[in-house]
Amino acid sequence: MQVHHPPAKPVPMILDILPDMPVADGVCPRRARLQIDLILLAIEALDLSGSEAILKAAKDLELQSIIKNRVMLWRLRSTNPFRRNSQRRPLTLAEGKALVLIACNLARRLTVLIRQLLLAHQQLQEKQLSLDHHFRLAEYLERFRAHFRSRMNPKRAGVMAYDTDEKLNELALLLLGQLLFCTGTSGTQRLWSSVFDGEVA
Amino acid sequence: MSIQRLYSLPNCTLTLDGWGEEVGLGNGDSAGRPLLSILTSFECRFNGHDRSIKGGREFFEQLITTASAYAQQFLSGVPYNRERGGSTQPVVIEQVSSNFHRLTIYPQALTDDPARTQSESISFDLMTVQLFDLVEAIDQFYADSQTIPGLTLNLTPVRKRQTTPKQPLAKRALPAALGVAGLATAAIAFFFVPIPEFRPTEESPSEAATNVQANSTDTVASGDNPPTETSSDEVESLDTGSDLDAASDEATEVLFNDAPLIIEPDVVDQLMVQLQENLFDSWTQEHSFEDALIYRVAVAENGNVLGFKYVNDAALARVDETPLPDLQYTLLDPEVAQQEPVAQYRVVFTPAGAVEVSPWHGRLPEASAEQEPVELGTEITDPAQLANLNWDLYDLMIDGLDDADRRSLSADISYRVNMTPDGVVVDYEPLDDTASEFLSKTPLPALRGAATNSDRQNDQGQFLVVITQDGVLQVSPWRGF
């Protein structure tokens with residue numbers, strides 16, 4: 001059996017702004033692990049220094065006791081069942097909260113860009129132009145596709161569902177809209193609550 | 001004193017007008033910013049739309065609750081079932097396309113609001129950014145402790161039972177029953193198939209089961225036992241030459257042949273329930289297959305799916321329509337596969353959308369399985385007859401339950417109960433662990449004990465009996481009224 005919790009360490013206070021969810025085993029359900037990692041993937045596609053930024057945010061938010069280095073971050077994110085090297089370890093609620101706090105912190109910093117890209121998408125649709133008519137949007141989509149393909153296991157049915165550029169673009173645009181909701185006054189609480197939708201008894 | 005509050009975002013402006021109750025109380029924190037405690041009217045205006053939304057407090061609460069719930073749905077993709085009492089909701093938001101959301105107001109549906117005199121419904125097509133600005137204006141209002149402090153953001157995840165069913169409710173109730181009982185999970189999909197028997201010393205009467213045995217490469221101690229559950233449909237879909245291996249993968253072969261087996265009945269049962277729930281919950285793929293898909297699945301002690309093999313052709317062809325590839329952890333190293341103890345299950349995905357799970361190696365005979373199988377009657381479907389029986393069963397149950405016991409529960413418990421037209425209880429099945437423990441405190445064992453063989457051959461209606469954690473007894477026909 002795996003040990004579900006690391007030896008007792010002080011839990012960062014900031015985690016208390018998010019409630020513990022009443023889930024079985026006290027760990028993040030599958031959909032939560034998937035969604036949190038995808039949200040972070042979208043952030044990395046928006047921001048060239050995304051993965052550095054994630055570690056920096058962990059430090060800024062004083063979450064280093066949970067995410068102390070790159071390897072730990074990779075382990076947590078690899079609890080996403082779509083990953084090539086999906087980890088057979090649980091994602092604890094504290095770890096899930098830490099990733100959500102980081103994602104929303106970064107999303108907030110990218111608010112202007114996120115809004116610009118969503119409006120650009122809107123305008124392209126109105127003019128019936130393809131997505132590559134907007135340089136910055138096309139760049140985001142291309143990077144998202146590259147990140148997704150290089151990290152997700154193509155043998156999984158869930159991943160196979162995104163086997164074309166069009167489908168991956170749709171996913172990237174959906175995540176962009178979701179990221180916008182992460183930037184709001186209660187964005188962190190909203191994202192945290194949403195990953196447990198349909199999972200609590 | 002009249003007070004106005006403005007929450008202004010690039011695409012949406014929310015204006016609240018009202019009165020302060022405690023003027024001049026001189027609260028230090030709120031100096032210069034009085035408390036707006038009574039809302040008289042609000043206005044919500046979107047950029048690019050000429051019309052605005054205006055109304056009173058009831059309307060405002062409907063708007064902010066709906067917008068907040070919709071935002072959660074947009075984030076999670078889990079639709080929230082808003083069916084409450086069947087009445088029309090005054091505020092509805094629907095997704096029109098990936099980037100458009102339609103906000104529709106039905107003022108007539110308001111019960112106590114100045115706006116209800118407007119008879120016309122209004123729609124606004126909002127872009128995601130506009131919708132977000134509405135939600136953000138609302139969140140800023142929620143976070144503002146000086147404006148109607150009684151209204152605060154209450155975010156709770158959608159509960160399992162609130163999600164919009166993928167299928168009619170009656171069908172969704174089925175899988176829970178299957179996992180726990182472990183025996184004829186088919187009893188639900190195929191209704192009155194008798195409980196399968198386990199006879200280690202006899203040749204299985206089912207040709208199909210024999211095929212499976214022949215195809216099985218088991219070398220473990222209990223490997224001689226063929227799977228014990230057979231149901232007519234499953235039998236047909238099994239085909240001798242079709243034990244198609246997933247076996248391009250060496251690790252999978254090792255896993256099924258050499259990995260130590262988990263045999264403790266409790267653990268096997270627990271993992272089975274877990275697997276059933278896991279598969280059912282994860283089964284979001286569109287599916288359109290006509291033959292049941294049958295797999296042999298290996299599960300680790302922590303419930304992870306380590307590998308699966310195809311038992312019939314359809315299972316291979318349609319594997320993408322099941323959650324299995326998604327749930328499987330990729331095992332790359334045969335050595336590792338050899339060491340991890342696993343429990344093996346037979347998993348059947350039925351075209352009707354049920355997931356049936358049973359132990360691959362069968363299970364130990366239980367006392368009840370010693371009885372001769374009895375020809376069972378047909379299912380009662382007449383709604384009037386079911387309604388009558390429903391009340392009979394309710395009375396039988398409520399009479400036989402001790403009030404104190406009933407109120408001692410800490411969780412909802414459920415049973416499936418079969419009843420004849422004469423009101424005789426002929427069969428039942430606890431649908432969860434607590435229900436099994438509580439069984440002796442119900443009249444069900446005594447009631448079934450009174451049934452005769454001819455009762456068992458009579459027609460039967462099937463019912464769902466729930467005792468809630470508050471001690472409330474609920475009885476309903478299994479397939480709904």
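Residue numbers start from 1 in every chain, and the chains themselves are labelled A, B, ... in the order their sequence lines are given, proteins ahead of strands. All values below come from the heavy atoms of this structure, side chains included, with hydrogens, waters and symmetry mates left out.
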Practice task
Please report the closest heavy-atom contact between B:Asp139 and A:Ser186, naming both atoms and the distance.
Solution key: OD2-CB, 3.6 Å

Handout entry: Heavy-atom pair of closest approach, residues B:Val158 and A:Asp197
Key = N-OD1, 2.7 Å

Drop me the distance from [X]'s [atom1] to [Y]'s [atom2], to the nearest 0.5 angstrom.
X	Y	atom1	atom2	answer
A:Gln125	B:Phe100	CD	CZ	7.5 Å
A:Leu34	B:Asp326	CG	CG	8.0 Å
B:Met127	A:Glu126	CE	CD	7.0 Å
B:Leu131	A:Leu180	CG	CG	9.0 Å
B:Ser98	A:Asn169	OG	CG	11.0 Å
A:Thr185	B:Phe141	OG1	CZ	13.0 Å

Exercise for the section: For the pair B:Asp133 and A:Arg115, evaluate side chain to side chain contact (heavy atoms under 4.5 Å, CB included) and give the outcome as yes or no after the intermediate values. Expected result: CA-CA 11 Å; B:Asp133 283 353; A:Arg115 293 185 74 108; 2.7 Å; yes

Exercise for the section: Against chain B, label A:Leu173 side chain, backbone, both or neither, depending on which of its atoms sit under 4.5 Å from a heavy atom there. Expected result: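 Nothing of A:Leu173, per the 4.5 Å heavy-atom cut-off to chain B.
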
Practice task
Would you mind checking which part of A:Glu170 comes under 4.5 Å of any heavy atom in chain B, side chain (CB onward), backbone (N, CA, C, O), both or neither?
Solution key: neither

Practice task
Ignoring hydrogens and angles, tell me if any N or O in the side chain of A:Arg30 forms a donor-acceptor pair with the backbone of B:Asn278 under 3.5 Å.
Solution key: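 A pair under 3.5 Å: no.
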
Problem - Expected output: side-chain A:Arg190 to main-chain B:Leu155 donor-acceptor under 3.5 Å - result: no

Problem - Derivation and outcome, side chain to side chain contact (heavy atoms under 4.5 Å, CB included), residues B:Ser76 and A:Arg31 - result: CA-CA 9 Å; B:Ser76 69; A:Arg31 206 174 55 73; 3.9 Å; yes

Got more than 12 heavy atoms from elsewhere within 6.0 Å of [atom1], [X]?
X	atom1	answer
A:Lys167	NZ	yes
B:Gln140	CD	yes
A:Tyr162	OH	no
A:Glu62	CD	no
A:Arg75	CZ	no

Exercise for the section: Mind running side chain to side chain contact (heavy atoms under 4.5 Å, CB included) on A:Phe196 and B:Thr156 for me, showing each step along the way? Expected result: CA-CA 9 Å; A:Phe196 292 91; B:Thr156 44; over 6 Å; no

Exercise for the section: Apply the test side chain to side chain contact (heavy atoms under 4.5 Å, CB included) to residues A:His121 and B:Asn99: give CA-CA distance (whole Å), side-chain angles for both, the deciding distance (0.1 Å), then the verdict. Expected result: CA-CA 9 Å; A:His121 175 221; B:Asn99 209 4; 3.5 Å; yes

Exercise for the section: Quick one: sort the A:Phe181 and B:Phe132 rings into parallel, tilted or perpendicular, breaks at 30° and 60°. Expected result: perpendicular

Fill in the blank from the handout: In terms of heavy-atom pairs under 4.5 Å with chain A, the winner among B:Pro10, B:Pro325, B:Ala411, B:Ala143 is B:Pro325

Handout entry: Interface residue of largest heavy-atom contact number with chain A, from B:Leu75, B:Val319, B:Val135, under 4.5 Å
Key =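 Ranked by contacts with chain A, first place is B:Leu75.
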
Problem - Side-chain touch B:Pro157/A:Glu199, heavy atoms, less than 4.5 angstrom - result: no

